[in-house]
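Notes to accompany the following structure.
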Amino acid sequence: MFVTTSHARLGLLALALVIAAACNPGASSPSPTSTATGAATPLATQPAQPTPPPPAAGSIQVNGAGATFPFPLYSRWFYEYAFVDPSVHFNYQSIGSGGGIKQITERTVDFGASDAILNDEQFGAAPGIQMFPTVAGADVPVYNVSELAEVDPIALDAATLSGIFLGTITKWNDPAIAALNSGVTLPDKDIIVVHRSDGSGTTYIFTDYLSSVSEDWKNSVGTATSVEWPVGLGGKGNEGVAGTVLQNDGTIGYVELAYGMANNMKIARMGNAAGQVVEASLDSTQAAMADFGEDMPDTLARSIVNAPGADSWPIAGYTYLLLYMDQADCTIAQKLVEFAHWAQDSGADYATELHYVPLPDNVAAQVLDKVDQITCNGSPISQ
Amino acid sequence: LSLRNGAFNRRPMAGRSGLAAVWQHGDGLYRAALVVAGLLVLLLVVAIGWELWQSSGQAREAFGLDFLTSSRWDPAIDQEFGALPFIQGTLVTSFVALLMAVPIGVGTAIFLAELAPRWIAGPVGTLVELLAAVPSVVYGLWGLFVFIPVVVKPLGISLNASLGFLPIFEGPVFGPSRLAAAMILAIMILPTITAISRDVLRAVPNAQREAAQALGATRWETVWQVLIPYGKSGIFGAIILGLGRALGETMAVTMVIGNNLDLSASLLHPGYTMASIIANEFTEATFDLYLQALIEIGLVLFVMTLLINVVAQALIWRVRGPQGARP
């Protein structure tokens with residue numbers, strides 16, 4: 001009952017924040033809670049700003065479709081960008097990564113967006129396609145164990161987290177967990193695993209991490225936006241996972257960083273590849289990106305889980321825009337290039353505000369370098 | 001769901017007056033318009049079925065009939081797909097929901113039609129109909145954050161403690177479960193069953209009630225032995241409409257069922273339904289076979305719903321009897 005009421009209060013708080021943000025034209029930063037609910041964010045952020053100038057007659061329409069995970073950020077970016085360049089109007093439909101990949105492959109949109117890295121077959125189906133990382137997101141393990149409610153967040157590592165999600169570690173006082181948390185009295189309680197039931201970039205990042213640290217996971221479950229989970233309950237969306245975790249004692253799940261922080265959930269610390277125990281944050285996620293910054297492939301698509309740096313959060317991943325390197329419409333191509341520069345230069349602040357992690361300098365430089373190589377019918381684009 | 005097959009043709013055509021003969025062409029037009037409307041619905045059903053069949057070709061070829069009996073759903077490694085857990089979940093949750101909703105729904109209908117004074121019947125009837133207007137995502141959120149912790153989980157724990165030896169009440173007890181989904185569904189189909197049954201009972205001619213009472217029947221006997229048998233085909237239709245909604249309900253169920261490929265018989269375990277897996281994974285289905293497997297699930301759901309409706313229709317015809325007695 002206690003858990004219920006506290007959560008109900010959280011829900012009310014979130015609602016109040018959304019309404020407050022919507023009603024107060026002076027509110028500059030959106031409520032963090034609304035970030036997590038995704039669809040609510042544009043409602044919460046857009047009315048709080050002055051209305052952008054209406055697109056001028058004959059303004060250029062740029063259409064895109066794809067991932068839902070970055071939707072709150074992209075809609076914010078496109079909104080802000082309308083002030084910067086009123087001559088262009090971006091239209092983004094968050095229909096999911098699968099739909100985004102399909103539509104850009106069929107060239108029915110000007111850009112696609114995906115959380116998942118295209119496989120060879122998908123690259124083959126869309127010759128000339130290029131992936132551009134925009135920002136990264138981090139996943140955090142959240143748990144609810146009544147005995148641990150009052151103590152500092154526990155630490156987990158690759159072996160224990162994969163063991164829990166594989167179903168080989170079933171008790172909270174398993175020796176492997178105890179070894180990481182000396183001084184903490186762990187209860188002899190069954191672990192209930194909670195995962196996302198809907199296909200999502202969050203799951204892609206989480207399973208990517210487990211695959212990279214566990215051969216068993218890699219061979220029996222794999223990396224995808226949804227997988228055949230060996231154990232556990234499925235909750236729909238971050239709110240479904242969080243709700244199930246908060247209502248059941250002994251649960252562990254994973255949610256987006258922003259969602260875990262906004263809802264004051266118990267977030268486990270993680271032992272990373274360097275053997276250090278780190279807390280999830282924007283900084284530790286950016287450190288993970290920077291670790292791999294010098295080692296970006298030509299596709300710019302790279303998994304950044306289990307980063308080697310001492311300060312790096314191990315469970316993170318990029319989200320990507322999908323563009324053809326040779327564009328058919330020169331005006332749209334130029335607008336896209338200009339927007340990409342703006343998003344990396346000025347868009348980063350909006351990203352951190354919404355708890356997305358902007359690219360570190362070494363990665364951003366490579367992305368912009370690639371953006372400048374975009375051509376239109378074979379000729380370079382004038383800047 | 002057509003309850004009135006053939007009614008049009010049974011209208012007496014003889015004895016037309018002169019005026020009616022003048023309107024003969026209007027009659028023809030009217031008839032044509034109705035035929036077109038009827039055919040459009042038929043065409044729509046065929047078009048949906050055809051599209052589902054066409055778009056799932058690759059999956060049907062790859063898995064054949066095993067699709068219906070396999071419980072694998074692995075988009076990541078083996079790319080193997082099977083529908084069994086979803087079929088089981090859909091059937092179990094829908095029928096358990098009916099089990100709960102029918103007595104309450106028909107009971108409420110009898111109360112509203114026969115027993116309640118007008119000043120109660122009006123507002124309560126409106127409230128029941130209002131339940132039908134609540135969006136399903138609201139049912140889902142309310143179910144997840146209020147109904148499960150306050151009602152379903154305590155109920156599950158006590159069922160497990162007292163009747164845990166039965167396979168259907170096996171533990172461990174989590175909040176989100178088939179039981180939670182069935183209970184939410186029961187609430188959602190209640191207004192359909194109640195509102196239609198109430199109207200059916202109200203349509204029973206008063207002569208029937210008076211005749212029963214004149215023969216010395218009590219109120220209970222009047223309801224049970226005269227009104228219900230008289231309206232049974234209509235009430236049955238209401239139940240089938242409710243079942244149709246339960247089979248196809250997506251959002252609310254997805255949010256409370258726990259979305260797990262568990263095949264056990266326990267109502268207290270999490271499950272999965274056909275509509276839920278489509279809602280969950282359609283947007284992020286990143287390769288063709290995966291997408292087609294989801295569409296094939298849609299096809300199975302479509303065929304199953306059709307079959308259930310056909311069977312129900314046949315049952316209604318049997319219940320109605322040769323006289324075609326219906327309100």
Side-chain angles (χ1 to χ4, degrees), chain A residues 1 3-5 7-8 10-11 67-69 94-102 114-116 118-119 121-122 125 190 192 194-201 203-204 207 211 218-229 231-237 239-240 242-244 246-248 251, chain B residues 71-82 85 137 140-150 152-154 171-177 180 250-262 269-272 276-291 294:
Chain A
M1 270 317 285
V3 174
T4 320
T5 39
H7 200 89
L10 267 175
T68 47
F69 165 71
S94 61
I95 56 172
S97 300
I101 293 169
K102 214 174 156 77
S114 172
D115 296 330
L118 303 194
N119 60 29
E121 196 184 321
Q122 287 164 334
D190 286 333
I192 304 171
V194 186
H195 54 77
R196 286 282 289 265
S197 65
D198 49 332
S200 77
T203 297
Y204 185 89
T207 53
S211 291
K218 189 176 174 183
N219 297 327
S220 65
V221 188
T223 306
T225 50
S226 11
V227 295
E228 192 174 28
W229 295 93
V231 288
L233 295 165
K236 181 164 170 54
E239 72 281 9
T244 310
L246 289 169
Q247 286 166 22
N248 289 285
T251 43
Chain B
S71 56
R72 293 295 310 276
W73 189 266
D74 178 6
I77 299 209
D78 299 331
Q79 308 195 342
E80 257 185 60
F81 301 97
V137 65
L141 278 173
W142 174 76
L144 184 60
F145 290 121
V146 182
F147 193 59
I148 286 182
V150 176
V152 181
K153 204 174 171 196
V173 181
F174 311 106
S177 55
T250 309
M251 190 50 83
V253 171
T254 309
M255 293 170 92
V256 301
I257 198 171
N259 302 301
N260 187 298
L261 299 175
D262 184 307
H269 281 200
Y272 224 139
S276 301
I277 183 80
I278 298 173
N280 272 330
E281 303 199 351
F282 196 77
T283 50
E284 297 284 336
T286 41
F287 55 92
D288 274 351
L289 187 65
Y290 189 4
L291 198 64
L294 285 168

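In the text below, chain A, chain B and the rest are named by the order of the sequence lines, each starting its count at 1.
- For a residue to count as touching a neighbouring chain, one of its non-hydrogen atoms must lie under 4.5 Å from one of that chain's; by this rule B:Ile77 touches chain A with backbone and side chain alike.
- Highest contact tally toward chain B, considering only A:Gly234, A:Ser220, A:Gly99, A:Gly232, is held by A:Gly234 [criterion: heavy-atom pairs under 4.5 Å].
- B:Pro270 and A:Leu233 make their closest contact through CG-CD2, 3.2 Å (heavy atoms, listed as atom of the first residue, atom of the second, distance).
- With chain A as partner, the option from B:Tyr290, B:Phe282, B:Phe287, B:Trp73 having the largest number of non-hydrogen pairs under 4.5 angstrom is B:Trp73.
- The nearest pair of heavy atoms linking B:Pro75 to A:Ser226 is CG-O, 3.2 Å.
- Partners of B:Asp78 under the side chain to side chain donor-acceptor pair (under 3.5 Å) rule, at least two apart in sequence or in another chain, are B:Arg72.
- Contact annotation for A:Ile95: only backbone heavy atoms (N, CA, C, O) come within less than 4.5 Å of a heavy atom of chain B.
- With a 4.5 Å cut-off on side-chain heavy atoms, B:Glu80 and A:Glu228 do not count as touching.
- Residues passing the side-chain contact (heavy atoms from CB on, under 4.5 Å) test with B:Pro172, sequence neighbours excluded: B:Phe174, B:His269.
- Neither the backbone nor the side chain of A:Asp190 comes within contact range of chain B, judged by heavy atoms closer than 4.5 Å.
- Within the 4.5 Å cutoff, the side chain of A:Lys102 has heavy atoms near those of the B:Leu291 side chain.
- A pairwise comparison of heavy atoms in B:Lys153 and A:Gln247 identifies NZ-O, 3.4 Å as the closest pair.
- Using a 4.5 Å heavy-atom threshold, the side chains of B:Tyr272 and A:Ser197 count as touching.
- Looking at A:Arg196 and B:Asn259, their side chains never come closer than 4.5 Å, going by heavy atoms from C-beta outward.
- With a 4.5 Å cut-off on non-hydrogen atoms, A:Ser200 touches chain B through its backbone but not through its side chain.
- Interface check for chain B: of the options A:Val221, A:Ile192, A:Thr223, the most heavy-atom pairs under 4.5 Å are formed by A:Val221.
- With hydrogens and angles disregarded, no donor-acceptor distance shorter than 3.5 Å links the side chain of B:Glu281 to the backbone of A:Gly199.
- Taking NZ from A:Lys236 and CD1 from B:Ile257, the interatomic distance works out to 13.5 Å, rounded to the nearest 0.5 Å.
- Of the atoms belonging to B:Asp262, not a single heavy atom falls under 4.5 Å from chain A.
- Nearest heavy-atom pair, B:Pro176 versus A:Asn248, reported as atom, atom and distance to 0.1 Å: CD-ND2, 4.2 Å.
- The contact between A:Gln122 and chain B is made entirely by side chain atoms (from C-beta outward), counting heavy-atom distances below 4.5 Å.
- Rounding to the nearest 0.5 Å gives a distance of 9.5 Å between CG of A:Asp198 and OG1 of B:Thr254.
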